[in-house]
Amino acid sequence: MKAIINAKIFDYENFHENYYITFDKKIKDIGPMENFKGAPQIIDTKGNFVLPGFVIGHTHIYSTFARGLNLPFNPLNFKDILTQLWWKLDSQLAKEENYYSALVSGIEFIKNGVTTVIDHHASGLQIKGSLNTLKNALCDEIGLRGIFCFETSDRFNVDECIEENLEFLKTQSEMHAGLFGLHASLSLSDNTLEKISKSYKGPIHIHTAESIDDVEDSLSKYGLRVINRLEKFGLLRENSILAHCVHTSEEELELISKKNCFVALNVSSNMNNAVGLPNYKLMKKHNVKVIAGNDGLGFNFARELLNLYFSMKLKGNSPLSFSFDDLKNIISNTYEIASKHLNVKLGKIKPGYVADLIIVPYTPPTPLNSENAFGHVIFGLFDNFRPSHVIVNGKILMQNYEINLQVNEIYKQARKVAENLWKKLNK
């Protein structure tokens, strides 16, 4: 058994100062330091924060090798962004690229306090077996939790995409799980949607109405908006993840809520691609469960949560349009959906919850208490977020900023893999 001592515990609901936590794979006990009875292995926080590790509700591990990539790029719309960059990149990804992108991502996630990721994958040169490649690297070797799917698309062999999703769904543990992945309405024919609907009856993970292009494509080809088209094929299943929903109507949001789906917001990506911002106010009005993702844009999830907090105020045209409670609710929902798919209890620092914990140094320049703890987290901790320790499933993955992996060797090999990939892309 291990113990964390002299901690400021905050799990976005409860704040405790000068507390201890005892744990193995799960949290055994928490309490004030005067009640601490000792443990074989002790981590002294010296008064710093302990929080639950972050969960990213929608990301793309395969985007790792896009950093620094130089391709001809002159997009006039969102479809051009896909065809000129992302579809070129993912079409050339094979097993080695998938493996090293997951290793590098895992290390970067650890550095940023991310302990669970919900990934949406695509790789044209390795469809079958690709999710196992990601799982082996991210979960087995790095030690993070992952929920994976392959984005079925008419750009690929649809039958192979379906088979890969179905095969991976058969293997599940507390460290990894599967969802059924689809790319987006604009890359999925009616025949493909019907085939998926008949072969699989569980929750899906799909991009929905990320840009107006997706909506216009669906209306012009099928006479339906994106969410209505998914419902036509019975694909709006409980606990599905619908990423973005920037251009969804009130009617569609009502349907999403009725079907108990989750919407993953990715505001930094939305701003980077200039596709607009989601209307959280309408989502809240219709009781849509909203979670937070980053769409594969970097690894600093504290930054993503800050961007979400600020951009939703801007979208709502008022500093009161998005509150601390709104952000807390989104964070809580993100833990909830990951907990459902992994069948574990994530997101609280209480007995029975898994020991996925991060220690973050912070010296408050003003008084800190239970009433203002979240304000310190938003405007202080997240503004300069550098975890010193990361623990997943009770295992210490980073201690005093040191990761117990051959990080330099992994990055050296990753650069070679990226260089070979870029040569192929620039031919």
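All residue numbers in this chain count up from 1 along the given sequence.
With a 6.0 Å cutoff to the six-membered ring centre and a 45° limit on the axis angle, Lys345 counts as a cation-pi contact of Tyr353. A cation-pi arrangement is present between Lys328 and Phe374 under the rule of less than 6.0 angstrom and at most 45 degrees off the ring axis. The cationic atom of Arg303 (NZ for Lys, CZ for Arg) does not lie both less than 6.0 Å from the six-membered ring centre of Phe385 and within 45° of the ring axis.
Between Lys195 and Asp159 there is a salt bridge, since a side-chain N of the basic residue sits under 4.0 Å from a carboxylate O of the acidic one. Comment: Arg155 engages Asp90 in a salt bridge, judged by a side-chain N to carboxylate O separation of less than 4.0 angstrom. A salt bridge is absent between Lys221 and Asp190; no separation between the charged side-chain nitrogens and carboxylate oxygens falls under 4.0 Å. A salt bridge links Glu336 to Lys340: at least one charged side-chain nitrogen sits closer than 4.0 Å to a carboxylate oxygen.
Pairing each heavy atom of Ser321 with each of Asp326, the nearest pair is O-OD2, 4.0 Å. Nearest heavy-atom pair across Ile359 and Val50 is CG1-CG2, 4.0 Å. Residues Leu144 and Met175 come closest through the heavy atom pair O-CE, 3.5 Å. The nearest pair of heavy atoms linking Cys139 to Arg145 is SG-C, 4.2 Å. Gly146 and Leu138 make their closest contact through CA-CD2, 4.4 Å (heavy atoms, listed as atom of the first residue, atom of the second, distance). Among all heavy-atom pairs drawn from Ala209 and Val226, the shortest one is N-CG1, 4.1 Å.
Residues Phe78 and Ile212 are not in side-chain contact: their nearest non-hydrogen atoms beyond the backbone lie 4.5 Å or more apart. No side-chain heavy atom of Val246 sits under 4.5 Å from any side-chain heavy atom of Leu277. Residues Leu368 and Phe15 are in side-chain contact: their nearest non-hydrogen atoms beyond the backbone lie under 4.5 Å apart. When side chains are defined from C-beta on, Ile43 counts as touching His389, because their heavy atoms get closer than 4.5 Å. Looking at heavy atoms from C-beta onward, Pro203 lies in side-chain contact with Leu179 at the 4.5 angstrom threshold. Here the side chains of Leu297 and Asn266 are not in contact, with every heavy-atom distance at 4.5 Å or above. Within the 4.5 Å cutoff, the side chain of Asn329 has no heavy atoms near those of the Asp325 side chain.
Put simply, CZ on Phe310 and CG on Leu327 are 10.0 Å apart, with the number rounded to the nearest 0.5 Å. In this structure, the separation between CG on Leu193 and CD1 on Ile206 is 7.0 Å, given to the nearest 0.5 Å. Atoms CG and CD1, from Asp11 and Ile349 in turn, are 5.5 Å apart once rounded to the nearest 0.5 Å. Rounded to the nearest 0.5 Å, atoms CG (Leu224) and CD (Glu252) are 9.5 Å apart. One distance of note links CD1 of Ile27 with CD1 of Ile4; it measures 8.0 Å at 0.5 Å rounding. To the nearest 0.5 Å, the span separating CG on Asp356 from NZ on Lys348 amounts to 13.5 Å.
For Lys313 (side chain) and Phe322 (main-chain N/O), a donor-acceptor pair under 3.5 Å exists by modelled atom type. Here the side chain of Glu210 pairs no donor or acceptor atom with the backbone of Cys245 at under 3.5 angstrom.
Side-chain contact annotation: Asp154 with Ser187, donor-acceptor N/O pair under 3.5 Å absent. Judged by distance alone, the side chains of Glu250 and His286 do bring a donor and an acceptor atom under 3.5 Å apart. A donor atom on one side chain and an acceptor atom on the other are not found under 3.5 Å apart for Ser197 and Glu194. Using modelled atom types, one finds a donor on one side chain and an acceptor on the other under 3.5 Å when comparing Glu141 with Tyr99. There is no side-chain donor-acceptor pair under 3.5 Å between Ser130 and Thr133. No hydrogens or angles considered: nothing links the side chains of His341 and Asn239 as a donor-acceptor pair under 3.5 Å. One side chain, Ser185 or Arg229, offers a donor N or O that lies under 3.5 Å from an acceptor on the other. Side-chain atoms of Glu97 and Ser123 include no donor-acceptor pair closer than 3.5 Å.
When ring centroids are compared, Phe382 and Phe54 come within the 6.0 Å threshold. Aromatic ring centroids of Phe10 and Tyr12 lie under 6.0 Å apart. Between Trp86 and His183, a ring centre-to-centre spacing not shorter than 6.0 Å is recorded.
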List, one per line, each side-chain donor-acceptor pair under 3.5 Å for residues 59-70, sequence neighbours excluded.
residue: Thr59; atom: OG1; partner: Asn294; partner atom: OD1; Å: 2.8
residue: Thr59; atom: OG1; partner: Gly296; partner atom: N; Å: 3.4
residue: His60; atom: ND1; partner: His120; partner atom: O; Å: 2.7
residue: His60; atom: NE2; partner: His58; partner atom: NE2; Å: 3.3
residue: His60; atom: NE2; partner: His207; partner atom: NE2; Å: 3.1
residue: His60; atom: NE2; partner: Asp295; partner atom: OD1; Å: 3.1
residue: Ser63; atom: OG; partner: His60; partner atom: O; Å: 2.8
residue: Ser63; atom: OG; partner: Gly296; partner atom: O; Å: 2.9
residue: Thr64; atom: OG1; partner: Ile61; partner atom: O; Å: 2.7
residue: Thr64; atom: OG1; partner: Ser101; partner atom: O; Å: 3.4
residue: Thr64; atom: OG1; partner: Ser105; partner atom: OG; Å: 2.8

Problem set entry | Candidate pair Lys259 and Glu231, rule salt bridge (Lys or Arg N to Asp or Glu O under 4.0 Å), full reasoning | CA-CA 9 Å; Lys259 296 295 181 177; Glu231 173 59 9; 3.4 Å; yes
For this session: Report the C-alpha separation of Val354 and Leu346 in whole Å, then their side-chain angles, then the decisive distance to 0.1 Å, and conclude whether the side-chain contact (heavy atoms from CB on, under 4.5 Å) test is met.
Result: CA-CA 6 Å; Val354 293; Leu346 297 163; 3.3 Å; yes
For this session: Please report the C-alpha distance between Asp213 and His247 in whole Å, then the side-chain angles of each, then the deciding distance to 0.1 Å, and finally whether the side-chain contact (heavy atoms from CB on, under 4.5 Å) criterion is met.
Result: CA-CA 10 Å; Asp213 303 41; His247 298 276; over 6 Å; no
For this session: Test side-chain contact (heavy atoms from CB on, under 4.5 Å) on Leu265 and His244 and set out the steps.
Result: CA-CA 5 Å; Leu265 304 188; His244 300 291; over 6 Å; no
Problem set entry | Full working for ring-ring contact (aromatic ring centres under 6.0 Å, His included) between Phe180 and Phe150 | CA-CA 7 Å; Phe180 196 104; Phe150 192 97; over 10 Å; no
Exercise. Step by step, would you call Phe168 with His176 a side-chain contact (heavy atoms from CB on, under 4.5 Å)?
Worked result: CA-CA 10 Å; Phe168 191 76; His176 73 272; 3.8 Å; yes
Problem set entry | Residues Tyr362, His376; criterion ring-ring contact (aromatic ring centres under 6.0 Å, His included); working and verdict | CA-CA 9 Å; Tyr362 178 66; His376 276 272; 5.7 Å; yes
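Within the structure, the salt bridge (charged side-chain N to carboxylate O under 4.0 Å, His left out) test picks out the following pairs touching residues 161-181 (sequence neighbours left out): Lys128-Glu163, Glu167-Lys170. The stretch residues 266-277 participates, sequence neighbours left out, in no salt bridge (charged side-chain N to carboxylate O under 4.0 Å, His left out) pair at all.
Applying the 6.0 Å contact sphere to CG of Asn400 captures more than 12 heavy atoms from other residues, nucleotides or ligands.
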